[in-house]
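Letters A, B, ... mirror the listed sequences (proteins, then strands); counts begin at 1. Everything quoted here is computed from the prediction, not taken from an experiment. Note that these values count all heavy atoms, side chains included, but never hydrogens, waters or copies made by symmetry.
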Amino acid sequence: MDEKVIIAKRIALEFKKGYLVNLGIGIPTMVADYIDHDQEVVLQCENGIIGIGPLSECTTELVNAGGLCATILPGGSFFDSATSFSIIRGGHVDVTVLGALEVDFDGSIASWIIPGKKVPGMGGAMDLVVGAKRVIIAMTHTNKGIPKILKKCTLPLTAFKQANLIVTEMAVIEVLEDGLHLLEVNPEYTIDQVIQATEANLIIDNVIPMKGIEQ
Amino acid sequence: MKEFIQSKDVAKYVKSGMSIMVGGFLSNGSPENLITAVLDTNVTDLTIICNDGGYEDKGVGRLISAGRVSKLIASHIGTNPAVGRLMQDNKLTVKLVPQGTLAEQIRSSGAGLGGILTPTGMNTVVAEGKQVITVQGKEYLLEEPLKADLALLGGAIADEYGNLRYRGTMRNFNPLMAMACDIVIAEVSEVVKMIDPEMVVTAHPFVDYILVGGQ
């Protein structure tokens, strides 16, 4: 299975019935494809919509946060950017899922700039990670073998101590006060391989096979 | 009744060195005809305030690509390669602002407030040089209000009084910018006799001029 699909499928299991969820660009967007319909999860996009639906033929009128033409589901609504970020910053979003370049042992996140190389900007990410009740990081475990889960982020931060859960193609890691807890490991890898690919210390007490990736 | 203008009239309201807020999110809800009208003048050295840098050939990005902009205040510039190029050539200064902060800076100036206190950006480079204020035991950054000389709005439908409602996700920053600028020009796709007062998003006193013929 494609590593991005593994990550997306696993994250989809984190949502509870009726959750209001914001999905970032990239792997996070793919999570929408694996959400169980019975969960009645509602998706918010920071450009001003609750209840965003599948992509569509272009109408110019309605786009998602990646600028792609999309649809609105029954019960949805539109609002301006100040209201959208009141929803986000005000703690009304249950879960935000976003990609990252680096995450460190205390849950600090770097995702918006590689100085001198790439400066896309933070967009809504800084508000999302500060405001959402739960922050899930969706990313590949390493960058071509170079660890992305570090003792301390080297890139400029998106936020300090805000990540709650890190989901990669190798493992699921929870960020708690005392550090990073290895919860689940993809059966295609060993715990040792995960430790090798992770710079930060992992607390290992009760590891189970990664959920959601059978078949 | 508002003054309905033609594209050529836009030249009367723009001049070199001025600050312009342009509505839209990745050009969705940006006033393409007003942007063309500005490009048809010879104004330059503009300060543009917009959610993002648009695309090279779409939205506010067209003004940037054409070299008319000396300063851009935005949350995201990753979709327009011209922004990075011009920055490297020292022809463009970019100030990156978290999206929710940008929305509130604009809203607060239109609302007559002295800025806002936000947790977004704490312990990141965004906080550098800014006052930290503790309220009810929690630390916030003081972000100052942001205004401009001119607002160019898009994504709207007007009525004969000059009231506006917006279509889909094209609302985004438009209603906030309508309140934060000295002169406000709205590009609308159509003019109806009267918008249901319950549905008006931008009330007509905020709008100075209307250009008909937008998407």
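In terms of heavy-atom pairs under 4.5 angstrom with chain A, the leader among B/Gly53, B/Pro119, B/Pro175 is B/Pro119. Between chain A and the options B/Asn28, B/Val126, B/Val83, heavy-atom pairs under 4.5 Å are most frequent for B/Asn28.
Within the 4.5 angstrom heavy-atom criterion, only side-chain atoms of B/Leu26, from C-beta onward, approach chain A. Of the two parts of A/Gln162, neither the backbone nor the side chain holds a non-hydrogen atom closer than 4.5 Å to a non-hydrogen atom of chain B. Looking at B/Ile77, both its backbone and its side chain come within 4.5 Å of chain A, counting heavy atoms on both sides. Of the two parts of A/Ile88, neither the backbone nor the side chain holds a non-hydrogen atom closer than 4.5 Å to a non-hydrogen atom of chain B. If you measure heavy-atom distances from B/Thr101 to chain A, the contacts under 4.5 Å come from both the backbone and the side chain.
Annotation: side chain of B/Glu104 is not in contact with side chain of A/Phe85 (no heavy-atom distance under 4.5 Å). Between A/Glu46 and B/Gln99, some side-chain heavy-atom pair lies under the 4.5 Å cut-off. Side chains of A/Asp80 and B/Asn174 form no contact here, defined as non-hydrogen atoms less than 4.5 Å apart. The closest side-chain heavy-atom distance from B/Thr124 to A/Pro156 is not below 4.5 Å. No side-chain heavy atom of A/Asn47 sits less than 4.5 Å from a side-chain heavy atom of B/Arg171.
With values rounded to the nearest 0.5 angstrom, B/His76 atom NE2 is found 11.0 Å from A/Trp112 atom CH2. Note that the OG1 atom of B/Thr169 and the CG atom of A/Asn64 stand 8.5 Å from one another [nearest 0.5 Å]. Atom CD1 of A/Ile49 is separated from atom CG of B/Asn172 by 12.0 Å, given to the nearest 0.5 angstrom.
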